[in-house]
Each structure stands twice: as C-alpha cells, then as structure tokens.
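The block underneath contains the structure these notes are about, expressed in structure tokens.
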2 protein chains.
Amino acid sequence: MTDTAPRPTLEAVAARAGVSRATVSRVVNGGDGVRDILVERVRKAVDELGYVPNQAARSLVTRRHDAVAVVVAEPETRVFADPFFALQLRGISKELTAHDNQLVLLLTEGRDDHARVGRYLAGGHVDGALVFSLHLDDPLPELIQRAGIPTVFGGRPGWSGDRREVVYVDSDNRGGARDAVRHLAGLGRNRIAHITGALDQTSAADRLDGYRDVMVDADPRLIAEADFTPAGGERAMRELLDRCPDVDAVFAANDLMASGALRVLRESGRRVPGDVAVIGFDDMRPVAEQTDPPLTTVRQDIEEMGRLMARLLLRGLDRTAPQEGVGAPPSSVVLPTTLVRRGSA
Amino acid sequence: MTDTAPRPTLEAVAARAGVSRATVSRVVNGGDGVRDILVERVRKAVDELGYVPNQAARSLVTRRHDAVAVVVAEPETRVFADPFFALQLRGISKELTAHDNQLVLLLTEGRDDHARVGRYLAGGHVDGALVFSLHLDDPLPELIQRAGIPTVFGGRPGWSGDRREVVYVDSDNRGGARDAVRHLAGLGRNRIAHITGALDQTSAADRLDGYRDVMVDADPRLIAEADFTPAGGERAMRELLDRCPDVDAVFAANDLMASGALRVLRESGRRVPGDVAVIGFDDMRPVAEQTDPPLTTVRQDIEEMGRLMARLLLRGLDRTAPQEGVGAPPSSVVLPTTLVRRGSA
DNA sequence: CGGCGCGGTGAGAGCGCTCTCGCGTAGCGC
DNA sequence: GCGCTACGCGAGAGCGCTCTCACCGCGCCG
C-alpha cells in the first residue's frame, strides 16, 4: 500500500514543451489543428513527465465521465451467482473497454438500496446505465426513468407504465420456446410438459407463452411453475410425474431446472430421451454438457446480449458527435435463439 | 433515453437558503460547526432543489474519488463464470456501499489489457484497488505495485518478488486441506488420493501442500493434477482409478472437480462413500448439495473474504482521519475454513 | 500593394466544489 | 466592564482541465 505520487499537470507539460496549455490539451485530445512539429514535441513532453490527464478536472467541464453504470437488481442471490450474469457482464465490459468507458457496478440488496441507486444515477456520476431488472414489480425502472439518464435494459422490463421509449436487449424467448416445443412435437411426443421459470420475470412468462403458442390446448396439468433453480426443477418434475405419469417430453425454461428434472426422471426409472425427452433453455455449457445425457437446449448468445446493450447505450450517448445522421435514438433489439441438439431430445 | 436536466449547484442552494456556499458545503459534508437552524434551512433548500453534489468538482479538489477498482485478471473464462467470484464481488459491494464507495469493475482480457489496467490505476481515477490475480506468472501485481496505488489482493498472490508489503485476504487453504485429509484418514481410509486444482494458482498449490502435510509419504500416483473444472475432475478420477484401483478416498481441490469425480466413481460401479469417500473444497452450495450423495466439503466464507478485502483497503485509505491511531497499514488476513459433513465422506 | 481570409496558437474565463483565512459575535474570567 | 477565547460564518483562492475568442502571420486575391 504505497501512497500516490504528485502527478504532473497540463501546465507542466506545456512548460516543458514550450507551448500553451491549450495546445497540450489539443494534442492530448487528438491533436487536430496542431502542427506536426508541435504535436511531436508535446507528445515527447507527455511521455517524459508521465502525464496522465486528471479525469475529474476534465469531467468538470465536459460533463462527460466516460463511465457507465451497470445496475443489477438482485434481491435473491440466485441470478447473481449464476453464469448468466457473468457472461453478460463480460460482454458489456468488452464493449465498454473498446470505447474507453469504465464500468461502475451497482448491486442492490433489498428495497432500501433502490433509493441509493436512484440517487447515484441522478447524481450525474455516469453517462448512462445498463440495468438488469428482473422482476415485474421492480420499482427500479421507474426510479431510473425519473433519474433522466440514458438507459438500456437487459431483458424486456415487465412494465405496467405506458412508456414506449424504453430500450432493451432481449433474447427471443417466445420464439425459442416455440422451437423447443415444436422440436419435441416433431419427435412424435404429444404429452409435452413445461416447467416454468419464476413467472414474475418476463423471460419466464415469454417462454411460457411460446410453449402455449404451440400447445394451444395443452392440459393445464402439464404446466408446473418453478423458479429457475435446480431444486425447483426437481420439485416441478415430481409434481408433473405425479399428475401426469404418461408425460413423454419436458421443456424446462432453463438448463438448471432441466438438470433437476433429469435427476428426478432418472430416479423414477424413466429413460431420457427414450421415455421422456427433455429440452432446456440458455445453453449454459457447464451445465448442459455435463448432464446425463447431455442436454438439448435453446441457445441464446448471452455475451453478445451484453455487448449489444453497451453498444446501444454508447450509441445513444452519441459520443463522436452526431455526424452520421444516426440521430435517431436506438431501439430495442431481440436476438434470435438457436436449438442445440444434444442427447436429451 | 432521456437527456439529463441541468442540475442545481451549491451556489443555488446557498442563495435559496440565504447563506454562503461554504456553509452549504459544510452542511452537505456533515454539518459540523453550523448552527442547527442553518443546517435545517440548508437541508430544506437541498431537498427542494434536489441538489446532488457534483462528484467531479469535489474530486478535483479533495483528490479523493470514493471509488475503488476491482480488477479481475481472467484470461480463461472459467473462474469468471463460477459463483466463487460472484460471491466475493457481492461481499465487496456490500462493504463498499456501506462506506459510500463506488465499485469500478475492470475485467482484463489477454495480456494487452494489463497495460490498460495499469494506466487506469496509475491515472488516479480510483482511491485503491482490489485485485484478483490468480496465476503465478501474472504480471499484474507488478504493474499495480508500480502504479503506486493502495491495493489488497484476493488470494495470496504467487509472487516471485521480494516485496513483503503485499496485503491479501485468503482462506486457510493448507489448513482446510489438512482437515479434509485427516477426516478421511479418521474414517479409516489409507489410500487417499488428491485431485489438484490448476497448480499455477496458489490456492491449488496450498491445498496440495496441506494434503502432503498429512500424507507425508503418499504414493505419488495418488496425486492427479487437474484444473478446477468438472471435466478435469472426471479425467483425473479416471486416471486415479486406472493407476490405483484400490483407492478408497479422494480429496478434490474444489467441489466442481469432486462432482466430476463422483460421476466417474458411479460409472465405475463404486459406491460413495462405501467404497470411496470423497471430499471437496469451497462448499459451493448449488453444487455440493445437489450431488449424489451430497458432498462433504471444506467451507470457506467467500462473501466474507470479499467484505474483508474491501474493509482492509478502506482502512488503508484511512478515510475519517487517523484518529484512532490505526496508522499501521493493514496486514494480510487468512480466514479459517470449516469441514462440512454431508453424505460423501 | 492593401486588404481579406484562414489555419495555428495563446490568453483567459470558467466548470462546481473545498478549504483556508479572517472577521464578527457571543461567552467567559477577572 | 474589558479583553480574550471560541465559535460560526463568508470571502476568495484555487483544483486541472476545456473551450471560446482574439490575435498573429501568412498567402492570396483584387
């Protein structure tokens, strides 16, 4: 733990290079409109002095921070500890880094924290926000809307509000679910069950809708509500076996629940995919490839979702001036999914 | 995506409250030495105007940022996608939030990125850094040392350098490993194998050392090197069965590998813990509780590690003035582990 | 040959805040 | 009742940067 040394200022560089502060500033910010000779001289002085611009001073006048907040509203531990979020974060990080932006992570714990986050965002510490708001009744989107800060949501926010200007990035949950169920039907299955995710999340609701799109008049007993956890998947599967012992296929709203379902099916003496075909969602490699049999699942490109969120946000902030006439605010994007066939269906 | 409105300044609040800027500043920063009447009046003005201090302006003069960088050096995707890191991050976040500090996340991808991180840290954007440097040959610690910024490491950095001033938080990997192996020995096992983690990480090396502490003259064939992944655990277990079919216990350096080992043992027709007892490390609940049988394992309190890292760092930055004579720089902390008995040993 | 335009540069005015000083007022002792 | 301390408050000077604007010298046109 060393203390930080006094850092050279613009002034110092200017003195050393024999030019004015303004010129050094110009060079540091790209060097347009400065003679090459001077540019070189200034660069040299910068190197020699090890000059690094003071971001605080810069922000003070530019009102930009080159920083973006990533807000993760996570009352339950669950989602945070799963690879999903990590991958998305990674995508975000890559994109932000590529555009010289910093990532400020805001994790919320409980309701009181919302206020803190709202204050922070409204406080003008960051240029924009990427928000993962998972639950339908989450007050966070409201708060953020009020903060008046450019925002892109991860996943369609379940929002009662009438705002149309919400920008989000999501997977085609409904379409992916349809593909999965159709695939099961294509295998000749007709007692196709669905294990839902937590239905207060739009992803779960959308996947359920996709299931219903195909199974228009499905036996309601074929639908078991769960919560995206392996344990929830097990519980739901037991319920299903109980209610409909003749079930011959299961579409689980994520891989974790599918893995739980597989376990229960095995316990019950059923063979997969022989007796019961199983499909998951997410294509979480570590899970999907390790199950027995390996899981057929609906892949979404999670890292790409993160990258896209960041890209949309940055575009919205339109750095680099409104040159290309891309003035239009970015609109939401729904990424396609693909069915990945492995052993379970 | 709304644009941010013009924000009220200290000046505005001062005018409204009928006091000077200085007084408002005092109130905003705690209100010491200001009459209660004025404090109240200023607070009211602040509320009415929705005043939020401009952090950039403040940092410019205080040279503090109330922000801490969390650096995750993660060449491989693996660790990032596992719950371990997420939990630690959560602990960090909680502690930082409690002290009104922001968390700036820096993920590195590949070697080139190290320079960027170094520049950022040296650039005085944050007050300190929490660094997860996992590999022995990682150049990051060096870089950071050079940046001259207060730093706490997550896990003992494997460092050839002769610096003694490195501060880190780690689990008692060696002690935990000893406990695990002793427990197995206590069950009467004497052909106790070890599946190591990636040995270029100190945690893996330390656990191996702990194993050796107990198994002083262990058959070298009882040690299989792996990489902390389930697949690696499977591979290692197969190797072990191949080399020593009479193995009667396995201590795996983490739960993920233990779960892989369990799978292989089951495949080979062995019963756990009857024929072979198995112990993992980490106590990653979702994994350890879901295996069949549930995994006996060495628990480390990961979230607490994160919290502690943040606490040490903040203490090192000694906000709140050096009042309590805690002037001494914080030193490293090694947290104890506990053996959690479940079904597998 | 005078004026005009233009690219290149520097001077200077802040951005919004903190913090040091110094002044005014109140409270204390003698 | 006077001086002294202590406390509360305001004035003002920056923190390090950006950005506007005016200036200067040059080449060019009329």
Side-chain angles (χ1 to χ4, degrees), chain A residues 4-43 45-46 49-67 100 122-125 127 319-321, chain B residues 4-43 45-46 49-67 100 122-125 127 319-321:
Chain A
T4 113
R7 301 200 291 123
T9 118
L10 248 205
E11 191 78 49
V13 178
R16 182 172 196 106
V19 297
S20 73
R21 258 180 13 250
T23 298
V24 178
S25 177
R26 278 187 272 259
V27 171
V28 169
N29 291 292
D32 297 338
V34 178
R35 276 177 306 160
D36 293 0
I37 311 95
L38 285 192
V39 171
E40 185 121 346
R41 220 155 76 201
V42 170
R43 290 250 163 82
V46 165
L49 264 44
Y51 170 76
V52 185
N54 180 322
Q55 184 59 38
R58 179 179 282 175
S59 294
L60 183 55
V61 30
T62 60
R63 278 128 203 306
R64 287 213 278 83
H65 299 84
D66 296 321
D100 274 317
H125 302 262
D127 300 328
R319 284 304 126 72
T320 68
Chain B
T4 112
R7 300 200 292 123
T9 116
L10 247 205
E11 190 78 50
V13 179
R16 181 173 197 106
V19 297
S20 74
R21 257 177 17 248
T23 297
V24 178
S25 176
R26 278 187 271 258
V27 171
V28 169
N29 292 291
D32 297 338
V34 179
R35 276 178 306 161
D36 293 0
I37 311 94
L38 285 193
V39 170
E40 186 122 345
R41 218 154 78 200
V42 170
R43 289 250 162 82
V46 164
L49 264 45
Y51 170 76
V52 185
N54 180 323
Q55 184 60 37
R58 178 179 284 176
S59 293
L60 183 55
V61 30
T62 59
R63 274 131 206 305
R64 287 213 277 82
H65 300 84
D66 295 320
D100 274 319
H125 302 262
D127 301 328
R319 287 301 126 75
T320 69

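A, B, ... follow the sequence lines: proteins, then strands. Residue 1 opens every chain.
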Roughly how far, to the nearest 0.5 Å, is the CZ atom of Arg16(B) from the CG atom of Leu49(B)? 5.5 Å

End axis versus end axis in the helix from dC1(C)-dG30(D) to dC30(C)-dG1(D), the angle rounded to 10°, five pairs used at each terminus: 50°

Counting only heavy atoms and a strict 4.0 angstrom limit, can you tell me which residues of residues 9-20 of chain B come near DNA chain D? Val19(B), Ser20(B)

Heavy-atom pair of closest approach, residues Tyr51(B) and Thr9(B): CE1-C, 3.6 Å

Are any of the side-chain heavy atoms of Val28(B) and Arg58(B) separated by less than 4.5 Å? yes

Nearest-0.5 Å distance that lies between atom CZ in Arg63(B) and atom CG in Asp127(B): 12.0 Å

Taking the side chain as every heavy atom from C-beta outward, state whether Arg43(B) and Val46(B) have any atom pair closer than 4.5 Å. no

Using only heavy-atom distances, decide whether a donor-acceptor pair under 3.5 angstrom links the side-chain of Arg35(A) to the base of dT9(C). no

In this structure, how many angstroms lie between the P atom of dG16(C) and the CZ atom of Arg7(B), rounded? 9 Å

Kindly say whether Gly124(B) contributes a backbone atom to a donor-acceptor pair with the side chain of His65(B) at under 3.5 angstrom? yes

Value in whole Å for how far the P atom of dC19(D) lies from CG of Asp32(A): 13 Å

Over all strands shown, is Arg21(A) touching base, sugar-phosphate only, or nothing at heavy-atom distances under 4.0 angstrom? base

Do any N or O atoms from the side chain of Thr23(A) and from the backbone of Val19(A) form a donor-acceptor pair under 3.5 angstrom? no

Could you go over nucleotides 21-24 of chain C and give all protein N or O partners under 3.5 Å, atom names and distances?
none

Are the side chains of Glu40(A) and Asp36(A) in contact, using a 4.5 Å heavy-atom criterion? no

For dG16(D) and Arg63(B) - does any side-chain N or O of the residue sit under 4.0 Å from the phosphate oxygens OP1/OP2? yes

Any sub-3.5 Å donor-acceptor pair from Arg7(B)'s side-chain atoms to Val52(B)'s backbone N or O? yes

Among residues 51-62 of chain A, which residues get a heavy atom nearer than 4.0 Å to DNA chain C? Leu60(A), Val61(A)

Filtered N/O pairs between nucleotides 25-27 of chain C and protein, under 3.5 Å:
none

Return no unless some side-chain N or O of Ser25(B) is found under 4.0 Å from OP1 or OP2 of dC17(C). no

Give a yes or no answer on whether the side chain of Arg41(A) reaches the backbone of Ala17(A) with a donor-acceptor pair at less than 3.5 Å. yes

Asn54(B)/Leu60(A) under side-chain contact (heavy atoms from CB on, under 4.5 Å): CA gap, chis, key distance, verdict: CA-CA 8 Å; Asn54(B) 180 323; Leu60(A) 183 55; 4.2 Å; yes

Keeping Ser59(A) on the side-chain end and Arg64(A) on the backbone end, is there a donor-acceptor pair under 3.5 Å? yes

Expressed as a whole number of angstroms, how long is the span from Arg64(B):CZ to dT18(C):P? 10 Å

Which whole-number value in Å describes the distance from Asp36(B) CG to dC7(D) P? 15 Å

Just the rounded figure in Å: distance from P of dC17(C) to NE2 of His65(B). 16 Å

Round to a whole Å and report the spacing from CD1 of Ile37(B) to C1' of dC9(D). 13 Å

With rounding to the nearest 0.5 angstrom, report the CG to NE2 distance, Asp66(A) to His125(B). 10.0 Å

Which atoms of nucleotides 22-27 of chain D (N or O only) lie under 3.5 Å from a protein N or O atom, and what are those distances?
none

Identify the heavy atoms of Arg21(B) and Leu10(B) that sit nearest to each other, and give their distance. O-CD1, 3.8 Å

